[in-house]
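Please read the structure below before turning to the comments.
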4 protein chains.
Amino acid sequence: MSKSDKREEIVRAALELIAENGFHAAPMAMIADRAGVGAGTIYRYFENKDVLIGELYKDLEEKMLPVIQEGYDINAPLRERFLHLGTRILRYFIENPLHFRFIEQFHNSPYGVEHRRDKILGEKNGCNIFRELFEDGLSQQLLKAFPLTILFALSFGPIVNLARDHILGFVVMDETLIVAAIEACWDSISK
Amino acid sequence: MSKSDKREEIVRAALELIAENGFHAAPMAMIADRAGVGAGTIYRYFENKDVLIGELYKDLEEKMLPVIQEGYDINAPLRERFLHLGTRILRYFIENPLHFRFIEQFHNSPYGVEHRRDKILGEKNGCNIFRELFEDGLSQQLLKAFPLTILFALSFGPIVNLARDHILGFVVMDETLIVAAIEACWDSISK
Amino acid sequence: MSKSDKREEIVRAALELIAENGFHAAPMAMIADRAGVGAGTIYRYFENKDVLIGELYKDLEEKMLPVIQEGYDINAPLRERFLHLGTRILRYFIENPLHFRFIEQFHNSPYGVEHRRDKILGEKNGCNIFRELFEDGLSQQLLKAFPLTILFALSFGPIVNLARDHILGFVVMDETLIVAAIEACWDSISK
Amino acid sequence: MSKSDKREEIVRAALELIAENGFHAAPMAMIADRAGVGAGTIYRYFENKDVLIGELYKDLEEKMLPVIQEGYDINAPLRERFLHLGTRILRYFIENPLHFRFIEQFHNSPYGVEHRRDKILGEKNGCNIFRELFEDGLSQQLLKAFPLTILFALSFGPIVNLARDHILGFVVMDETLIVAAIEACWDSISK
DNA sequence: GATGAATGAGCGTTCATTCAT
DNA sequence: CATGAATGAACGCTCATTCAT
């Protein structure tokens, strides 16, 4: 197994265990076991458990962003851009329930305290797409005159809830429902 | 300190510690300490930690429900009813940040697994108010023809996010913003 | 409830709990509960748990001795005297399984360390009957020339085992078997 | 210290502490201490305390059986076979007082409940030697017509008592006394 | 570099004993 | 006197982290 394969295995094992049963069910020894490496080996790749979790989170961000942005046309009409991003995110969560479950757990854990803010969509990285989208919308007066934070809340609050409900089996989000739900979100932020 | 004072102190201490820093920062000994009681004393009031957490959650539910329902007029127009409940819930969270933080933590913890669904607004108690509200709206064709789960998601997703953002200081939800935000939620569910 | 009734209740409760499930299953609070008194009350009658256990043991000794000696004729032939005592003890244990179970537990517990020697049959009290019996037998050269300790072991070892096996249901000691078994013990010590 | 040395040290430490002062005087931390290992280390070798105790018991059984059987001639006369086994067991206990004390404690403890019956001499393993011995004796009509349980009690009751008395210093069982005592046991079971 | 046995601080919980009522 | 709520030391056990191999 190559060096980066090992890192990959560790991260994958951690993701699975945490997503499936929460942080409390993912001791380092169990992660090592499932990754097929020695317990001490993890510490060659990650300084400690906090760092492992943090990097796992960053990995997921990095996998998610290109998928969401794929085919995104910054010059399309605002509504279309919103629907593109919103449905892509929701679809991504639904298709990657382990990622979603981990991200949720992460935000409500000691590991995620300093990430509390939704970095995915916030100021970090190059991923200001949403910010730009909202700012465009505000300046064009197509959106209600809310602070960005509120526009985020109105958009992502439902998305996260819908993803959770789908994953837990409370509702089946087929393509039609996905689009309709994101359109509803649009109604909440657009004038 | 009277018997019921002691129970109160324990519950309060647990609430504070968990709300402030999460479950991992609330070992029984620390809860006891902050409550000003001996470690063993907790076990006179609560069979074990799980039970303590569970009862704390129930306590909060019980405190919250009457506040939300106060002044609720089931015969008012649908929009008004929605705004009443939505703004009340959001205000409650904002005014009781410890309650909010605990409830959030609880839902994303091993303690809250069986409560995953938002019981507050779900089928339990007499608090089917929201369900009734949505069912009324659907039958009167005032709401978009979504499953209840999605209507819940569109309503509560933003509320929870807004409460969190306010508590974390990312936005200041004054009365005007509260009402405007809930009105925006109404836009997402109404035809 | 009179003062001595209370003591009686406490001792009875302790006996039952310990005999039924061992010392580990008899915390003071449970003893108090079953005795129908407050936990603190026990300490008015017994300085501490050790003393309670010790006095319970003494109580049982005192109840047992007269039953064993009843009808004992010191002038009867040696064999008859042995059979009298041996069968009486065995019968007593069989008819009072709680007493037996407690005594057994007691001897193999921290509480009974200083009582290790079989006081019932040893030098204490007026109960030197057995000692006298053996000494008579030795001087009359009816018994094998063993130290007293060995004569005790040959006599009581089987009795205790038989009682235990009966109580645990491994064998049913009816009157015929009781007598035959004690006669067998006699064979082991008599010339 | 090698891996199996460590297991050995833990088992030895547990044996010593329990034999010397009983289960109550052998908390895991103390066992670890005396074994010269960390507290957590014990759990690499034994799932929990119950398992440690249980395996210690099995270890002792396994050490004891071959010693007892050594030189045993199944074709020798019955009396000789009985004396062989009886004296060997008694000698073993006398020479291994820690083993004896532990086994005694074990049988009268919550750990040993399911072993209540003397498995050493009962049906388990290949060690039906005693059972076979008694069954042979019964079929040849050399033994009194007792149930096996009673023959066991008549044989082992005294042995256990003699071992205890020797270890506690109440009597010194030299070779002559050992043989004479076991011969006395034989008298109790033989016709 | 990789390992996994070893560690020990820290957890949730119990219970003999005390003492205010 | 009797009570039982309160106590806190001590228990069995877990797990992030280290380090000899």
Side-chain angles (χ1 to χ4, degrees), chain A residues 1-3 6 23-33 36-53, chain B residues 1-7 10 23-24 26-33 35-53, chain C residues 1-3 6 23-33 36-53, chain D residues 1-7 10 23-24 26-33 35-53:
Chain A
M1 208 191 295
S2 85
K3 174 149 179 162
K6 236 164 209 165
F23 285 101
H24 77 286
M28 291 297 259
M30 198 180 286
I31 293 172
D33 226 49
V37 303
T41 305
I42 296 181
Y43 290 85
R44 297 223 143 269
Y45 294 89
F46 306 96
E47 197 187 328
N48 57 43
K49 193 171 184 178
D50 283 32
V51 169
L52 163 57
I53 303 296
Chain B
M1 206 191 292
S2 86
K3 170 150 182 164
S4 79
D5 279 352
K6 227 153 213 165
R7 202 203 108 105
I10 292 165
F23 285 101
H24 80 287
M28 293 298 259
M30 199 181 286
I31 293 171
D33 233 48
V37 304
T41 303
I42 296 180
Y43 292 86
R44 296 203 63 72
Y45 295 89
F46 306 96
E47 198 186 329
N48 55 43
K49 193 173 183 176
D50 282 32
V51 169
L52 164 58
I53 303 297
Chain C
M1 209 191 296
S2 86
K3 171 148 182 163
K6 238 164 206 164
F23 284 101
H24 77 286
M28 292 297 261
M30 199 181 286
I31 293 171
D33 226 47
V37 305
T41 305
I42 296 181
Y43 291 85
R44 299 225 143 267
Y45 295 88
F46 306 95
E47 196 187 330
N48 56 41
K49 193 171 184 177
D50 282 34
V51 169
L52 164 59
I53 303 297
Chain D
M1 207 191 293
S2 87
K3 170 149 181 165
S4 79
D5 279 352
K6 225 152 213 166
R7 202 202 107 104
I10 292 165
F23 285 99
H24 79 287
M28 292 301 258
M30 199 180 285
I31 292 171
D33 233 47
V37 303
T41 303
I42 297 181
Y43 293 86
R44 296 203 63 74
Y45 295 89
F46 306 96
E47 198 186 327
N48 56 44
K49 193 172 184 178
D50 281 33
V51 169
L52 164 58
I53 303 297

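Keep in mind that this is a model prediction, so the values were computed, not measured. The basis for the numbers below is simple: all heavy atoms, side chains too, and nothing from hydrogens, waters or symmetry mates.
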- request: Would you indicate, yes or no, if E:dG1 has its OP1 or OP2 atom less than 4.0 angstrom from a side-chain nitrogen or oxygen of A:Arg44?
  value: yes
message: Output the pairing pattern of DNA chain F as a dot-bracket string, 5' first, Watson-Crick or G-U wobble with both distances under 3.5 Å, | for cross-strand pairs, [ ] for crossing pairs.
response: .||||||||||||||||||||
- prompt: B:Asp33 has an atom CG; how far is it from atom C1' of E:dC11, in whole Å?
  reply: 15 Å
task: Identify the two heavy atoms, one from D:Ile31 and one from D:Ile10, that lie closest to each other, and give their separation to 0.1 Å.
output: CG2-O, 3.8 Å
field: Separation of E:dC15 C1' from C:Leu52 CG (nearest whole Å)
entry: 15 Å
Closest approach of A:Phe23 to A:Lys49 (non-hydrogen atoms, all atoms of both residues): O-NZ, 4.3 Å
message: Taking side-chain contact (heavy atoms from CB on, under 4.5 Å) as the definition, give me every residue that meets it alongside B:Asp33, ordered by chain and number, with sequence neighbours left out.
response: none
query: Looking only at heavy atoms, what is the nearest atom pair of A:Pro27 and A:Ala25, with distance?
result: CD-C, 3.3 Å
- prompt: Between atom CD1 in C:Ile31 and atom P in F:dG4, what is the gap in whole Å?
  reply: 16 Å
statement: Per-nt protein contacts along nucleotides 15-21 of chain F (heavy atom under 4.0 Å; B base, S backbone sugar-phosphate only, - none) come out as SSBB---
task: Give a yes/no answer on whether the side chain of D:Lys6 brings an N or O atom under 4.0 Å of OP1 or OP2 in E:dA6.
output: yes
- line: Separation between CD1 (C:Ile53) and CZ (C:Phe46), nearest 0.5 Å, reads 9.5 Å
query: Just how far, in rounded Å, is C1' of E:dC15 from CD1 of B:Ile42?
result: 16 Å
query: Over how many whole Å does the gap from D:Tyr45 atom OH to F:dC13 atom P extend?
result: 18 Å
- prompt: Tell me: CE of C:Met30 to P of F:dG4, nearest whole Å?
  reply: 16 Å
query: Under 4.0 angstrom, heavy atoms only, what part of the nucleic acid is C:Phe46 near: base, sugar-phosphate, or nothing?
result: nothing
- prompt: What integer distance in Å separates D:Ile10:CD1 from E:dA5:P?
  reply: 13 Å
Identify all side-chain donor-acceptor contacts of residues 36-44 of chain B below 3.5 Å with residues at least two apart in sequence or on another chain.
unit_1	atom_1	unit_2	atom_2	d
B:Thr41	OG1	B:Gly38	O	3.4

